[in-house]
2 protein chains.
Amino acid sequence: MPRKQTTKTPPRRPDSDRAHSSTVEDYLERILELINTKGYARVVDIAESLQISQASVTNMVQKLDAEGLLNYERYRGMILTTAGQTLALNITRRHQLLTDFLGLLGLEDNVIYRDVEGMEHHISAPTVRAIEALTEQLKRQPALLERVRTAAQQ
Amino acid sequence: MPRKQTTKTPPRRPDSDRAHSSTVEDYLERILELINTKGYARVVDIAESLQISQASVTNMVQKLDAEGLLNYERYRGMILTTAGQTLALNITRRHQLLTDFLGLLGLEDNVIYRDVEGMEHHISAPTVRAIEALTEQLKRQPALLERVRTAAQQ
DNA sequence: AAAGAAAGTTAGACGGGGCTAAGATTATTT
DNA sequence: AAATAATCTTAGCCCCGTCTAACTTTCTTT
Ligand SMILES: [Mn+2]
Ligand SMILES: [Mn+2]
Ligand SMILES: [Mn+2]
Ligand SMILES: [Mn+2]
């Protein structure tokens, strides 16, 4: 084995370059959803919904409070700050877009849910726009979609 | 705030349900790439390529060895096991597919690279097939793609 | 064959995000 | 108003993947 001979491969973008972790995005998304459906987000509900212990939720909620994404009052409740709402709406939008998009391709709901829950954290603004535009166009091409669904079947 | 009133939200799939972490997939992908381009994967090259310290690479390589994804000989070198190769090829395929797909939509290379590097870990087999089929069809629809690119531009 | 340089390893630490057990607080029953 | 149940918090722990500093091994020069 010869030594050295440096390779150049495209640089990675460490997770830390993103403003917030996937975990934080998932919490905010769920908190917004709870607030929208039942009017408030309780620790116990978030825990149940994310399948995580209450203790872990309390931890994270305190952290989100410290980061200014929500205002939390011990034992009482929480509300999203403007920053938190913005992020929550943003991730929700990406979630919805990907769900719609994969739905057009004829995938099963549980597959869609699983994949979207991961992918949603990794599509940047330009990609969101591109997929939005694509989805728009695809809706007008039922024949093409039918071919895709059939081909993807087996 | 009233108490209780249990909500039902779709369950999450914890990272641990996946056979291997995103990190492991990234290492394997890069190791395979290095082996293909220069014939061998050295700790120093992996480190440089992933922008990670050599110490961290040594750690992970030992772990991958322990998990049977590669055979590593201290100070000497490593080769992928069959299991490791399978995984490496699999993630490479997903990387390539997503790169092609997003390329069709007219996104910039650096955006594509960044998003793909994250998304590739979250598309299951059925989704791979669906996007493959879609990509196939889209290649035959230059007019549609032109509309997508234009719409996504602003 | 040294000596210096490069590559690799180990040790110890850290932050993120999860858990359980135990205790504190708040809500609901009786 | 107690007593009980539900909810929430704290403390202490763990695993993952990363880092730096120091040390070892291997390679390249001279
Ligand atoms: Mn998610
Ligand atoms: Mn989501
Ligand atoms: Mn990746
Ligand atoms: Mn990749």
Side-chain angles (χ1 to χ4, degrees), chain A residues 1-7 11-31 34 38 40-67 69-70 72-78 117-118 121, chain B residues 1-7 11-31 34 38 40-67 69-70 72-78 117-118 121:
Chain A
M1 272 186 206
R3 283 273 168 177
K4 203 63 211 217
Q5 189 174 306
T6 333
T7 324
R12 284 182 87 218
R13 183 194 52 157
D15 207 60
S16 43
D17 274 22
R18 233 185 318 153
H20 302 280
S21 69
S22 300
T23 305
V24 164
E25 290 189 335
D26 281 338
Y27 270 94
L28 291 174
E29 183 186 15
R30 209 52 69 95
I31 289 168
L34 284 169
K38 52 191 314 185
Y40 47 86
R42 305 281 309 249
V43 166
V44 67
D45 297 331
I46 300 169
E48 157 68 24
S49 176
L50 292 177
Q51 294 282 83
I52 278 171
S53 74
Q54 289 184 204
S56 301
V57 172
T58 296
N59 256 5
M60 179 58 79
V61 163
Q62 288 171 348
K63 185 183 151 187
L64 295 177
D65 178 292
E67 287 180 20
L69 297 173
L70 51 78
Y72 185 53
E73 199 180 340
R74 260 164 117 260
Y75 290 109
R76 309 306 339 221
M78 71 195 75
E117 209 44 63
H121 309 287
Chain B
M1 273 188 205
R3 282 274 168 176
K4 199 66 211 209
Q5 190 174 305
T6 333
T7 324
R12 282 182 87 216
R13 182 193 53 158
D15 206 61
S16 43
D17 273 24
R18 232 186 318 154
H20 302 279
S21 69
S22 300
T23 305
V24 164
E25 291 188 335
D26 281 338
Y27 271 93
L28 290 174
E29 183 185 15
R30 208 52 69 95
I31 289 169
L34 284 169
K38 52 193 312 188
Y40 47 85
R42 306 280 310 246
V43 166
V44 67
D45 297 331
I46 300 169
E48 158 67 24
S49 176
L50 292 177
Q51 295 282 83
I52 278 172
S53 75
Q54 289 185 202
S56 300
V57 172
T58 295
N59 256 6
M60 179 58 77
V61 163
Q62 288 171 347
K63 185 184 151 186
L64 295 177
D65 179 290
E67 287 180 18
L69 297 173
L70 51 78
Y72 184 54
E73 200 180 340
R74 260 164 117 260
Y75 291 108
R76 310 305 340 225
M78 71 195 75
E117 209 43 64
H121 309 287

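Nothing here was measured: the structure is a model prediction, and the numbers come from that model. Naming convention: chains lettered A, B, ... in sequence-line order (proteins, then strands); numbering from 1 in each chain.
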B/D26 and B/M60: CA distance, side-chain angles, deciding distance, side-chain contact (heavy atoms from CB on, under 4.5 Å) verdict: CA-CA 11 Å; B/D26 281 338; B/M60 179 58 77; over 6 Å; no
- prompt: If you check the A/I52 side chain, which of D/dT9, D/dG17, C/dG18 turns out closest?
  reply: C/dG18
message: Quick check for you: among C/dG17, C/dG8, D/dT18, whose closest atom lies nearest to any side-chain atom of B/T58?
response: C/dG8
message: From the set C/dT9, D/dC27, D/dC16, return the single nucleotide nearest to any side-chain atom of B/R76.
response: D/dC27
Phosphate OP1/OP2 of D/dC16 contacted by B/Y27 side-chain N/O (<4.0 Å): no
query: Between B/V61 and B/L70, what is the shortest heavy-atom contact and its length?
result: O-CD1, 3.7 Å
- request: Show your working on side-chain contact (heavy atoms from CB on, under 4.5 Å) between B/Y27 and B/I46 and close with a plain yes or no.
  value: CA-CA 8 Å; B/Y27 271 93; B/I46 300 169; 4.0 Å; yes
Nearest to side-chain heavy atoms of A/K63, which nucleotide of C/dG17, D/dT9, C/dG8: C/dG17
query: Rounding to a whole Å, what distance do you find between A/I46:CD1 and D/dA6:C1'?
result: 16 Å
query: Which nucleotide in the list D/dC8, C/dT20, C/dT9 gets nearest to the side chain of B/Q62?
result: C/dT9
- request: Looking only at side-chain atoms of A/N59, point me to the closest of D/dC8, C/dT9, C/dG18.
  value: C/dG18
field: Minimum-distance nucleotide to A/S53 side chain [options: C/dT20, D/dC19, C/dT10]
entry: C/dT20
- prompt: Which comes earlier along DNA chain C counting from the 5' end, the contact point of A/V24 or that of A/A55, where each point is its nearest nucleotide?
  reply: A/V24
A/R74 CZ - C/dG23 P separation (whole Å): 17 Å
- line: When rounded to whole Å, the CD to C1' distance for the pair A/Q54 and C/dA21 reads 13 Å
Distance (rounded to the nearest 0.5 Å) between B/D45 CG and B/K38 NZ: 3.5 Å
query: Can you tell which of D/dT26, D/dT18, C/dC19 lies closest to the side chain of B/Y75?
result: D/dT26
